[in-house]
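Keep in mind that the numbers below use all heavy atoms, side chains included, and drop hydrogens, waters and symmetry copies. Every number for a ligand or one of its atoms is a count from 1 in the order of the listing.
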Amino acid sequence: MNASDHSTSPVRLKATASPNQPTPTPELEQLYRGFEQELLVPLWTEIGNLMPPHPRSQATAHLWRWDRLKELAAEAGRIVPVGRGGERRAIALANPSLGGRPYATPTLWAAIQYLMPGENAPEHRHTQHAFRFVVEGEGVWTVVGGDSVRMSRGDFLPQAGWNWHAHHNAATEPMAWIDGLDIPFAYNTESQFFEHGRDAINDAERATPERSRSERLWGHPGLRPLSQPIDTPGTPLLAYRWVDTDRALTDQLELEDEGHVGVLSPGHAAVRFTHPGTGRDVLPTIRCEMHRIRRGGSSQRWREVGSSVYQVFDGTGTVRVGQQEWRVQRGDMFVVPSWVNFQASCDAETVSLDLFRFSDAPIFEALHQHRIEVETN
Ligand code: 1HN
């Protein structure tokens, strides 16, 4: 490459007359051309970008409507086969300001996945941590480390990295769900491994049990099986059932009605899905929660370090993300970028607004970089 061909140089330094920059002179221009040729960048031209006073996310607050996601996934189900190579019929949310890459946020992947009756998604494993969340439907079992786990509406199914997994639809209807993974984080930190497994799971794994082995071992509140290690990096419980999540939220709001402590803020109940052995987040890199805001109520307005993706599980309401405001309903998905304010309100016409949320907060907490700021009125 011709070193003076600046159009192809990755670095373009300009001597500008601005308060904190050196005086533009032919000498300074000469110095900057020298920097360019040697691929050097001085701090004094970059510090504003490198060290903003607070996070300025590259990501944009954006909403994807469930009816369109479903419609396009169903069309993919009709014309795109699922199998080895592509591995999954998963269609990712691409944040509009992240260069067309399949990234909902700089760290999180979010996708709708679709499996036709009788179809199998082949076995593989990867170091990326993952989960499934089911906003509607049933009929698919995910097989994690040989354990068949039923997936039904409202269920949350975490799956820590490096576990073998495959999915099969045992029903007569197609099924859609959402996947969350830390793919962009793993990609940008160049830390990912991936392996194919067997092309077909065996007959025992094709079973369709009501309860998985993991639930029989770990699915009893406050009781841990003494045969098992407790300090695994990801949760050993492979399904968190909607009956339990729903009851926890209902109980919180009833306690509030009875005048007791129970809710996060008035009318806003929330639970975090946790590792039953450690009480920590279900996955090392991904935090998952369910929020319920009762009729006419609102959450507080807050912002925090790290990004979130939400899916409306039920009800209707209004969400505000930075300057954006959307009316939302079941299945709609949206992104809250780092350090952007968020607030949700439930309509008067619906019993409650239920929001499933996942975020990358555990990464920042582990690195002591997490901050949260709740607005006080
Ligand atoms: C994957 O394994 C799943 O197992 C979903 O359902 C989405 C996206 C990229 C790479 C692997 C799944 C994925 C994925």
Within the 3.5 Å criterion, strictly below it, is a donor on His62 or Ser97 matched to an acceptor on the partner's side chain?
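Absent: no donor and acceptor within the cut-off.
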Let me know which of Thr316, Thr318, Leu63 forms a side-chain contact (heavy atoms from CB on, under 4.5 Å) with Val328.
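Only one of Thr316, Thr318, Leu63 forms a side-chain contact (heavy atoms from CB on, under 4.5 Å) with Val328, namely Leu63.
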Under 4.0 Å between a Lys/Arg side-chain N and an Asp/Glu carboxylate O for Arg294 and Glu256?
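Salt bridge present between Arg294 and Glu256.
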Donor-acceptor contacts under 3.5 Å from residues 42-56 side chains, at least two apart:
from  : atom 1 : to    : atom 2 : distance (Å)
Trp44 : NE1    : Tyr32 : OH     : 2.8
Thr45 : OG1    : Pro42 : O      : 3.3

Would you find a donor on one side and an acceptor on the other, under 3.5 Å apart, between the side chain of Asn120 and the backbone of Pro122?
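No.
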Flag this pair as yes if the NZ/CZ of Arg153 is under 6.0 angstrom from the six-membered ring centre of Phe313 and inside a 45 degree cone about the axis; otherwise no.
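Relative to the ring axis of Phe313, which defines the angle, Arg153 lies inside both limits.
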Residues lining ligand 1 [heavy-atom distance under 4.0 Å, listed by chain and residue number]:
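Contacts of ligand 1 under 4.0 Å: Arg88, Trp109, Gln113, His124, His126, Arg132, His165, His167, Asp179, Leu181, Ile183.
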